[in-house]
Chemist: 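I'd like to ask you about the structure that follows.
Each chain gets a letter, A, B and so on, in the order its sequence line appears, and its residues count up from 1.
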Protein chains: 2
Amino acid sequence: MPINSFVDYHMSWRPERRELTRPIYLSLARMLERDITEGFLPPGTKLPPQRELADFLDINFTTVTRAYKTCELKGLLHAVTGSGTFVSANAVRSVTISRDRVPVECIDFGLVASFEQSNFMIAEAVKKVAEKAGVERLLNYDDPAGIPHQKEAALRWMRPLGIEAATDQVAIVSGAQNALTITLLALFEPGSRIAVDEYTYSNFIELARSLRIKLIPIPGDDSGMLPEELDNSCRNAELQGVFLMPSCCNPTAIFIPNPRRKALAEVIEKHGLIVIEDDIHAALLHGTMPENGIPLRQMLPEQTVYICSTSKSICSGLRVAYIVFSDAMRERMLRAIYHVNVKTSSLDAEIITEIITSGRGTDIVAYKKSLAKSANDLFADYFPQPDDPGHPLSFFRWLRLPNPVHASRFESDLLAKGVRVFHSERFLAGTASRDHHVRVALSSTESREELRKGLEILRSHL
Amino acid sequence: MPINSFVDYHMSWRPERRELTRPIYLSLARMLERDITEGFLPPGTKLPPQRELADFLDINFTTVTRAYKTCELKGLLHAVTGSGTFVSANAVRSVTISRDRVPVECIDFGLVASFEQSNFMIAEAVKKVAEKAGVERLLNYDDPAGIPHQKEAALRWMRPLGIEAATDQVAIVSGAQNALTITLLALFEPGSRIAVDEYTYSNFIELARSLRIKLIPIPGDDSGMLPEELDNSCRNAELQGVFLMPSCCNPTAIFIPNPRRKALAEVIEKHGLIVIEDDIHAALLHGTMPENGIPLRQMLPEQTVYICSTSKSICSGLRVAYIVFSDAMRERMLRAIYHVNVKTSSLDAEIITEIITSGRGTDIVAYKKSLAKSANDLFADYFPQPDDPGHPLSFFRWLRLPNPVHASRFESDLLAKGVRVFHSERFLAGTASRDHHVRVALSSTESREELRKGLEILRSHL
DNA sequence: AAATTTGTAATTCAACATTTC
DNA sequence: TGAAATGTTGAATTACAAATT
């Protein structure tokens, strides 16, 4: 029997004892999920401690643990030892970012596109490939990891970025997100732990969640993840990997300087972590900083998966990315590629190959860089941030909000005014809801005029 | 202390007590995995019962349960209440099928290609699309599930197959395997159970294994899965879904007749299972049987995911498949598409669309049908199987071997003679290593002559 | 047909780790 | 600084279900 009657206590959640059916933990989890999704327990609510609720329901407290855990794995809750269990900020809605169902009439600073104005150059390459002899050979099941000359082009593209690899250490897949899925499936398992920045690309967060891979947020500073913090986390919990975007972290735009990269590499090597290095912006940012970033793949070739997408630098719609891996990983990576894709369209890969080998890729990158420069200059006019640690040519900026705001209300208010942005809360890997920021994509508007108009609306809203 | 010394008993596995570290169940699972992959415990070995091993190690028997369970989810074991726990047939090697690293000089009856001789017709469509105005609009992030007119074409393609759906119930993805990954990620979770035929497409087996989804093999007869057996399994264990290829099961080539489909649908509806209906051969086989198959999607629209790939029927290299789902599934499906692919290349989708709307698709299908007819006739000359229950136009045949053989030795002996086939053991979802078969792909050779030569070698080998 | 063997699952117990105050 | 609050995890207990003999 319950020790106390609890009539006088305040408990944020009081499930009906009579509604409990066996198995208890499942029915409790169902009730909890229902009350969260129906809004009775709004985001941020502190749930009763396990022992207290167990006492109230006259069950063992680890049965509550299980019910809470079930909801936590679904992303509805997060729990902190010592503090309690809380309803997640993103419990109700999905934080997945896509261009599906965006109101047509809005200025999109949400999804980070890639200055699609350059796509007429791609259209030319499409024509060129289509007219070549032997297109038929691009249309079968052969070479699931890419045709040899396509892989050569891939290596040629990555060489200036500091990547040297053999052709059997590279594979062609369908974009960076696809590469991440493949890598997580190939090298990790449910329950694995991967270190990430406190603010992390939200689609990676949800992908990991759906694969039941746990992300461990590591504190960072203006130069990115802190090596000593990573070292700490490795000591406390068994970590299998670390996810990094060294040339331009999404969403914070931070470029990790080489000394920091080296310090991180040392810690990573010491603990034998697998590095997932998403260098999606590398080609675009190369040559614009006093010193080019050294990829972690170069420092730790045996334990790094290097992902180089052409979506941002060349063309977003063709879905071509390169993955570089070590010999020890090859078998597992190829198998995962086969399970997820069978193969990537050789036609698309051939178009990108044509663009690279013809030298046109360099032109496209230069053009996108000039657009990025111009967009960032305009942004700086509206929001001067002299101490902004982000990369100066980033396709998006990380803007600190002067006052705390309600994240999803902020987004929807601004959307009502015709501008879509994403609040920092979407990018939270863990719990810590510290400062408030918005990520502002500069590469998705069709003209400088549209960009200006959107920035105007954003500034007046703040 | 252990009750008996066990010195006199035979136990198939005697892990070192001293090697156990805490947590016990994990270290025990690791030892078990090691001993299986290193071959000390060959496939089929019966492991000691949980209680016996627990007694031997002086631990609680549910700790052994957990260790066994861990290995079972990895696909290394399977357990049957009452009988015991056994090492899986495919525990050690991968059964993934791909065209990577096939000896160049072999006749490939392994991977099921799609009579690639018709690809010159696709090359024409590529040219046509490339020359159209507005190719740029195919090259951005828009419409992740497919451009509206492409989805219309998809529905037009599927309508004769018995599929009626709204445009927001269909999405374009990158081939059937990709569709399966997306479906499993969207609608199932680690630990979910899906019913499958005893012989099942081996890439689906491995995909499920990597997602820790458990496949429950259901006995069948010449008309496919047995409804009463499915009903039984549903009663005994909580199943969430069922995977079916009704128009031509891979690898057995069985076409499920309509009465059987209806009986299965009844059981499925009763238990509320999600149907994954991979109708990859539907377009090719339509109109060749006395009665066309009614898709399960038509009978159970709310609980079916219908997958219609164009890889086999139109072109394998372009990686385009259609998924049809119910309104209740939409949100989860779109999110999974975004996590795995972001989107499928609109260019590839447009080429397929062009082929469908121009009516060329029907020509291609007719051509492939004629090739399939001819190949099957040739096969029947070499291996008359008057009572073969498979579909007469199947791209592969399921050939019973007169005598039991060693599966992987059989494959490698034949490969040494220049022919690649796959033994039935690769397709075993569960345990029962019953009859011996080989799957012979008829659609992967480049000419009738090559096919004949391969069949000759195969016959003389038997 | 009943008893036995064997695996499954929910719950409870106990020890522990982290955070807060 | 250390005690209290709070969540985590492994293992044991218990009841049960299926297959075998």
Side-chain angles (χ1 to χ4, degrees), chain A residues 9 11-13 20-30 32 46-73 77-88 191 193 214 216-217 232-233 235-238 430-432, chain B residues 9 11-13 20-30 46-73 77-87 191 193 214 216 229 232-239 430-432:
Chain A
Y9 288 80
M11 275 209 312
S12 59
W13 187 50
L20 284 182
T21 57
R22 297 220 143 201
I24 298 171
Y25 82 99
L26 272 184
S27 80
L28 193 58
R30 264 197 306 273
L32 182 51
K46 181 176 190 301
L47 292 172
Q50 298 174 353
R51 286 167 177 84
E52 196 171 324
L53 183 60
D55 235 13
F56 171 71
L57 296 170
D58 198 18
I59 56 178
N60 185 279
F61 80 95
T62 54
T63 305
V64 179
T65 308
R66 269 190 96 175
Y68 279 10
K69 186 57 80 196
T70 305
C71 290
E72 190 177 6
L73 277 176
L77 309 175
H78 55 266
V80 187
T81 304
S83 319
T85 305
F86 306 84
V87 178
S88 285
R193 292 192 181 85
K214 208 169 166 190
I216 311 293
N232 264 339
S233 288
R235 260 190 255 280
N236 297 339
E238 180 130 343
T431 154
Chain B
Y9 290 81
M11 273 208 313
S12 59
W13 189 50
L20 286 181
T21 57
R22 298 217 144 204
I24 297 171
Y25 82 98
L26 272 184
S27 80
L28 191 60
R30 265 196 307 271
K46 181 176 190 303
L47 293 172
Q50 298 175 351
R51 285 167 178 83
E52 195 172 326
L53 183 59
D55 233 13
F56 172 69
L57 294 170
D58 200 18
I59 56 179
N60 186 278
F61 81 95
T62 56
T63 306
V64 179
T65 307
R66 281 184 81 180
Y68 279 10
K69 183 61 73 198
T70 305
C71 289
E72 188 176 9
L73 277 177
L77 308 176
H78 56 265
V80 187
T81 303
S83 325
T85 306
F86 306 84
V87 178
R193 292 191 184 86
K214 203 171 163 189
I216 311 293
E229 293 284 350
N232 263 339
S233 288
C234 287
R235 262 189 255 278
N236 298 339
E238 182 130 341
L239 298 193
T431 154

Chemist: Output all residues satisfying side chain to side chain contact (heavy atoms under 4.5 Å, CB included) with A/Pro49, sequence neighbours left out; order by chain, then residue number.
Modeler: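 Side chain to side chain contact (heavy atoms under 4.5 Å, CB included) check on A/Pro49 returns A/Lys46, A/Glu52.
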Chemist: Using five pairs at either end of the helix from C/dA2-D/dT21 to C/dC21-D/dG2, determine the angle between the two local helix axes and round it to 10 degrees.
Modeler: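 Roughly 0° between the end axes, to the nearest 10°.
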Chemist: With sequence neighbours left out, write down each residue that passes salt bridge (Lys or Arg N to Asp or Glu O under 4.0 Å) with A/Lys69, or none if nothing qualifies.
Modeler: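 Result, salt bridge (Lys or Arg N to Asp or Glu O under 4.0 Å) vs A/Lys69: A/Glu72.
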Chemist: Working to the nearest 0.5 Å, report the span between OH of A/Tyr68 and OG1 of A/Thr70.
Modeler: 12.0 Å
Chemist: What pairs with A/Thr63 under side chain to side chain contact (heavy atoms under 4.5 Å, CB included), at least two apart in sequence or on another chain?
Modeler: A/Ile24, A/Tyr25, A/Ile59, A/Asn60
Chemist: As an exercise, state the distance from SG of B/Cys234 to CZ of B/Arg193, rounded to the nearest 0.5 Å.
Modeler: 11.0 Å
Chemist: For B/Thr81, what residues pass the side chain to side chain contact (heavy atoms under 4.5 Å, CB included) criterion, not counting sequence neighbours?
Modeler: none
Chemist: Going by side chain to side chain contact (heavy atoms under 4.5 Å, CB included), name the residues that satisfy it together with B/Arg51, two or more places apart in sequence or in a different chain.
Modeler: B/Phe61
Chemist: Looking across every strand, which nucleic acid part, if any, lies under 4.0 Å from B/Leu26 by heavy atom: base, sugar-phosphate, or nothing?
Modeler: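 Result for B/Leu26 = nothing.
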Chemist: Starting at CD1 of A/Ile24 and ending at P of D/dT14, how long is that distance when rounded to a whole Å?
Modeler: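 In whole Å, D/dT14 P lies 17 Å from A/Ile24 CD1.
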Chemist: Mind checking side chain to side chain donor-acceptor pair (under 3.5 Å) for A/Thr65 and listing every partner two or more places apart, or none if nothing turns up?
Modeler: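 Side chain to side chain donor-acceptor pair (under 3.5 Å) list for A/Thr65, sorted by chain: A/Gln50.
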Chemist: Can you pull the contact range of chain A along DNA chain C, 5' to 3', using atoms under 4.0 angstrom from its heavy atoms?
Modeler: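 The footprint of chain A covers C/dA10 to C/dT20.
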Chemist: Looking at A/Leu77 and A/Val87, what are the two nearest heavy atoms and their distance?
Modeler: CD2-CA, 4.1 Å
Chemist: Closest heavy-atom contact between B/Pro48 and B/Ser12?
Modeler: CD-OG, 3.5 Å
Chemist: Under 3.5 Å, which N/O atoms of the protein pair with N/O atoms of nucleotides 4-8 of chain D?
Modeler:
unit_1: D/dT6; atom_1: O2; unit_2: A/Gly82; atom_2: N; d: 3.3
unit_1: D/dG7; atom_1: OP1; unit_2: A/Thr85; atom_2: N; d: 3.0
unit_1: D/dG7; atom_1: OP1; unit_2: A/Thr85; atom_2: OG1; d: 2.8
unit_1: D/dG7; atom_1: OP2; unit_2: A/Gln50; atom_2: N; d: 2.8
unit_1: D/dG7; atom_1: N7; unit_2: A/Arg51; atom_2: NH1; d: 2.7
unit_1: D/dG7; atom_1: O6; unit_2: A/Arg51; atom_2: NH2; d: 2.6

